[in-house]
Amino acid sequence: GTTIKGNSILGSYFGPRNFPYSIFNHDEAAFKEYFELNSQFGNHTAVIYEWKGAGEGEEYLREALQRSREKGFKFFLHFDPLTGMTREAPAPPPSLREKSFGDPDVREAFKNRVLELAALKPDILGIGIEVNLLILNNNQKEFDYYASLAEETYKLAKERYPSQTITIS
């Protein structure tokens, strides 16, 4: 297939409906077709990975990274710690009893998961998606907890992976 080179601003992404709950259902042909189609118009793959999935779909995440590298794509990994479309609260894995960014266990689990994702060495690692919507949803307290958690996590990730580009949307 074709591989795009250069600085195209185009690419495609796997969204929350794909990770951790893959639409490909272990369908090798569909997975391959995705990358072939992306090769025709873009130079990067972005993945939105929901924290609440607790590691489900990990094989697809690694496969997407590997295939992106093989195609010469940049790989953007966005870790989503909030509830689906409403964006009104944290959405940690079910294994965590507490659901607040202020809880010490939630904070520790968040940092650990971000470090695990940083170890994959994506070109860009996002550690929050649309977190400002916590404020719009009248959840200032959780936004404040998240802001301090993001700062701690950023520092920790940069200590371990100094060249990692980290963002928040």
Side-chain angles (χ1 to χ4, degrees), residues 11-24 31 43-71 73-137 139-169:
S12 63
Y13 76 94
F14 289 105
R17 295 187 185 274
N18 310 110
F19 283 95
Y21 313 105
S22 176
I23 62 169
F24 297 112
F31 209 63
N43 76 346
H44 68 271
T45 300
V47 171
I48 298 174
Y49 191 85
E50 292 183 316
W51 190 23
K52 69 182 179 185
E56 291 180 36
E58 192 78 26
E59 68 277 7
Y60 284 108
L61 179 63
R62 292 179 186 283
E63 182 77 7
L65 175 61
Q66 177 184 337
R67 288 184 188 229
S68 293
R69 297 289 187 234
E70 289 170 0
K71 287 287 187 184
F73 296 162
K74 294 177 182 172
F75 189 79
F76 306 153
L77 177 55
H78 301 280
F79 179 54
D80 185 4
L82 298 181
T83 53
M85 296 299 290
T86 62
R87 321 305 289 156
E88 62 194 16
S95 61
L96 291 169
R97 198 172 61 130
E98 294 297 323
K99 303 300 180 196
S100 172
F101 288 132
D103 179 77
D105 291 336
V106 171
R107 293 175 79 82
E108 189 67 23
F110 181 92
K111 291 178 208 175
N112 288 338
R113 189 62 181 139
V114 167
L115 289 175
E116 290 168 0
L117 296 174
L120 298 174
K121 299 181 179 161
D123 293 286
I124 296 176
L125 175 62
I127 61 171
I129 298 174
E130 299 174 334
V131 292
N132 60 312
L133 294 180
L134 288 169
I135 297 169
L136 292 176
N137 285 308
N139 205 341
Q140 181 71 48
K141 186 176 178 181
E142 282 301 326
F143 179 81
D144 292 342
Y145 287 147
Y146 173 81
S148 67
L149 175 58
E151 182 179 5
E152 292 171 21
T153 304
Y154 177 87
K155 288 177 182 175
L156 188 62
K158 289 302 270 186
E159 284 175 13
R160 194 161 302 166
Y161 303 98
S163 64
Q164 180 65 63
T165 300
I166 299 172
T167 188
I168 299 171
S169 74

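Between Phe143 and the choices Leu133, Leu136, Leu134, the side chain to side chain contact (heavy atoms under 4.5 Å, CB included) rule is met once, by Leu134.
The backbone N or O of Ala91 sits nowhere less than 3.5 Å from a side-chain atom of Thr83 that would complete a donor-acceptor pair.
With sequence neighbours excluded, the residues that form a side chain to side chain donor-acceptor pair (under 3.5 Å) with Glu116 are Arg113. With sequence neighbours excluded, the residues satisfying ring pair (Phe, Tyr, Trp, His ring centres under 6.0 Å) with Phe76 are His44. Annotation: salt bridge (Lys or Arg N to Asp or Glu O under 4.0 Å) contacts of Asp105 (sequence neighbours excluded): none.
Of all the heavy atoms in Ile166 and Ala157, the pair that sits closest is CD1-CB, 3.6 Å. Among all heavy-atom pairs drawn from Lys121 and Gln164, the shortest one is CA-OE1, 3.9 Å. When every heavy atom of Ala150 is checked against every heavy atom of Ile127, the shortest pair comes out as O-CD1, 3.9 Å. What you find for Gly128 and Pro81 is that their closest heavy atoms are CA-CD, 3.9 Å.
Here the CG-OH distance, from Leu149 to Tyr154, works out to 15.0 Å after rounding to the nearest 0.5 Å. For the atom pair CZ (Arg62) and CZ (Arg67), the distance works out to 15.5 Å, reported to the nearest 0.5 Å. The structure places CG of Leu65 at 8.5 Å from CG of Leu77, a figure rounded to the nearest 0.5 Å. Note that CG of Asn137 and OG1 of Thr86 are 6.5 Å apart. Values are rounded to the nearest 0.5 Å. Separating the NZ atom in Lys52 from the CG atom in Asp80 is a distance of 8.0 Å, to the nearest 0.5 Å.
Phe79 and Phe110 have tilted rings, their planes meeting at an angle from 30° to 60° on a 0 to 90° scale.
In this structure, Leu120 and Leu61 have side chains that are in contact, with non-hydrogen atoms separated by less than 4.5 Å. Counting heavy atoms from C-beta outward, Pro92 and Lys99 have side chains that approach closer than 4.5 Å.
The salt bridge (charged side-chain N to carboxylate O under 4.0 Å, His left out) contacts involving residues 153-169 comprise Glu151-Lys155, where partners must be two or more places apart or lie in separate chains. Residue pairs meeting the salt bridge (charged side-chain N to carboxylate O under 4.0 Å, His left out) criterion with at least one partner in residues 124-134, sequence neighbours excluded, are Arg87-Glu130. Contacts classified as side-chain hydrogen bond (donor to acceptor under 3.5 Å, both in side chains) and involving residues 139-149 (residues at least two apart or in different chains) are given here: Ser100-Glu142, Arg107-Ser148, Gln140-Asp144.
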Using the side chain to side chain contact (heavy atoms under 4.5 Å, CB included) rule, take Trp51 and Leu96 through it: C-alpha gap first, then chi angles, then the decisive distance, then the call.
CA-CA 11 Å; Trp51 190 23; Leu96 291 169; 4.1 Å; yes
Run the side chain to side chain contact (heavy atoms under 4.5 Å, CB included) test on Ile129 and Leu82 for me, step by step, so that the C-alpha distance in whole Å, both residues' side-chain angles and the decisive distance to 0.1 Å come before the verdict.
CA-CA 8 Å; Ile129 298 174; Leu82 298 181; over 6 Å; no
